[in-house]
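Written out below as structure tokens is the structure these notes cover.
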Amino acid sequence: MAGGAGEGLHLPRSAPIEAYGKGGFYFAEMSHQGSLLCLPDSIWAWQVAAPGEIDAPALQLVFDRAAAIDTLIIGTANEVWIAPAELRAALRQLGVVLDVMQTGPAIRTYNIMIGEGRRVAAALIAVP
């Protein structure tokens with residue numbers, strides 16, 4: 001799957017993101033270099049390195065599991081990015097609210113929402 005997740009490295013549960021930077025993340029007593037796709041039931045290595053690479057195929061796991069997700073947070077590293085209207089519409093049609101922000105605020109928001117037991121997913125681009 002080009003640019004996406006769904007094969008390979010993953011954690012079979014959700015977990016708060018404890019730290020980020022230097023191209024990676026620390027969570028569940030593990031570190032990961034590269035971007036992450038966090039779902040309500042798992043965390044996956046995500047092969048997206050820049051916001052311009054985010055499209056429906058890159059978010060296929062989110063689309064596949066949309067029935068279990070109310071909100072998708074996209075963390076865009078240090079860039080400002082506006083999601084294409086087609087992507088927003090496709091997610092909205094599945095009942096998923098899209099919220100885009102830089103990765104730092106995205107992690108803080110994701111951690112709060114999973115702490116509240118919310119049905120949240122996060123697509124987080126690693127910050128260099």
Side-chain angles (χ1 to χ4, degrees):
M1 172 169 32
E7 299 173 6
L9 298 175
H10 76 283
L11 177 69
R13 64 180 174 84
S14 68
I17 306 299
E18 297 163 23
Y20 73 98
K22 297 182 183 174
F25 299 90
Y26 184 78
F27 59 95
E29 299 181 9
M30 295 183 282
S31 63
H32 170 76
Q33 285 300 115
S35 300
L36 291 176
L37 183 60
C38 306
L39 300 173
D41 64 351
S42 55
I43 299 177
W44 296 84
W46 192 43
Q47 301 305 312
V48 171
E53 299 172 24
I54 301 171
D55 57 14
L59 295 170
Q60 190 60 52
L61 277 178
V62 173
F63 282 93
D64 291 347
R65 300 175 186 191
I69 299 168
D70 293 327
T71 303
L72 170 62
I73 300 166
I74 294 179
T76 59
N78 292 322
E79 296 182 39
V80 174
W81 179 73
I82 298 173
E86 312 82 54
L87 181 60
R88 286 186 177 279
L91 289 165
R92 189 178 320 113
Q93 188 170 11
L94 295 173
V96 176
V97 174
L98 178 61
D99 200 356
V100 179
M101 59 192 80
Q102 293 179 343
T103 295
I107 289 169
R108 290 188 288 278
T109 303
Y110 169 75
N111 286 344
I112 289 167
M113 292 179 81
I114 64 168
E116 296 172 344
R118 309 263 301 272
R119 296 168 12 124
V120 62
L124 304 170
I125 296 175
V127 175

Closest non-hydrogen atom pair, [X] against [Y]:
X: D55; Y: P57; result: OD1-CD, 3.2 Å
X: F63; Y: A90; result: CE2-CB, 3.8 Å
X: A50; Y: V48; result: O-CG1, 3.4 Å
X: E29; Y: E18; result: N-OE2, 4.3 Å
X: Q47; Y: E53; result: O-OE1, 3.7 Å
X: G24; Y: A126; result: N-CB, 4.1 Å

Next on the checklist: Return the CG to CG distance between L39 and D64, rounded to the nearest 0.5 Å.
Outcome noted: 9.5 Å
Checklist entry - Any sub-3.5 Å donor-acceptor pair from W46's side-chain atoms to A58's backbone N or O? => result yes
Next on the checklist: For P51, is there any backbone N or O sitting under 3.5 Å from a side-chain donor or acceptor partner on T76?
Outcome noted: no
Checklist outcome for this item: Residues passing the salt bridge (Lys or Arg N to Asp or Glu O under 4.0 Å) test with R88, sequence neighbours excluded, are none
Next on the checklist: Just to verify, what does A28 make a side-chain contact (heavy atoms from CB on, under 4.5 Å) with, not counting sequence neighbours?
Outcome noted: L11, R13, A15, M30
Checklist entry - With T71, which residues qualify under side chain to side chain donor-acceptor pair (under 3.5 Å), at least two apart? => result none
Next on the checklist: Out of the candidates I43, L72, I107, only one should pair with C38 under the side chain to side chain contact (heavy atoms under 4.5 Å, CB included) rule; please name it.
Outcome noted: I43
Is there a path from [X] to [Y] through hydrophobic residues (I, L, V, M, F, W, Y) whose side chains come within less than 4.5 Å of each other?
X: I69; Y: I73; value: no
X: L36; Y: L61; value: no
X: F25; Y: W44; value: no

Name the atoms and distances for all side-chain donor-acceptor pairs under 3.5 Å in residues 92-103, with sequence neighbours left out.
from: Q102; atom 1: NE2; to: N78; atom 2: O; distance (Å): 3.0
from: T103; atom 1: OG1; to: G75; atom 2: O; distance (Å): 3.3
from: T103; atom 1: OG1; to: A77; atom 2: N; distance (Å): 2.7
from: T103; atom 1: OG1; to: I125; atom 2: O; distance (Å): 2.8

Check residues 110-124 and write down every donor-acceptor pair under 3.5 Å in which the side-chain atom is one partner and the other belongs to a residue at least two apart or another chain.
from: N111; atom 1: OD1; to: I17; atom 2: N; distance (Å): 2.9
from: N111; atom 1: ND2; to: I17; atom 2: O; distance (Å): 2.8
from: E116; atom 1: OE1; to: R118; atom 2: NH1; distance (Å): 3.1
from: R119; atom 1: NE; to: D70; atom 2: OD1; distance (Å): 3.3
from: R119; atom 1: NE; to: D70; atom 2: OD2; distance (Å): 3.1
from: R119; atom 1: NH1; to: A67; atom 2: O; distance (Å): 3.2
from: R119; atom 1: NH2; to: A67; atom 2: O; distance (Å): 2.8
from: R119; atom 1: NH2; to: D70; atom 2: OD1; distance (Å): 3.1

Item to check | Side-chain heavy atoms of R65 within contact of S42, under 4.5 Å | outcome: yes
Checklist entry - Which other residues belong to the hydrophobic cluster containing V80, where Ile, Leu, Val, Met, Phe, Trp and Tyr are joined when side-chain heavy atoms lie under 4.5 Å apart, directly or via other members? => result none
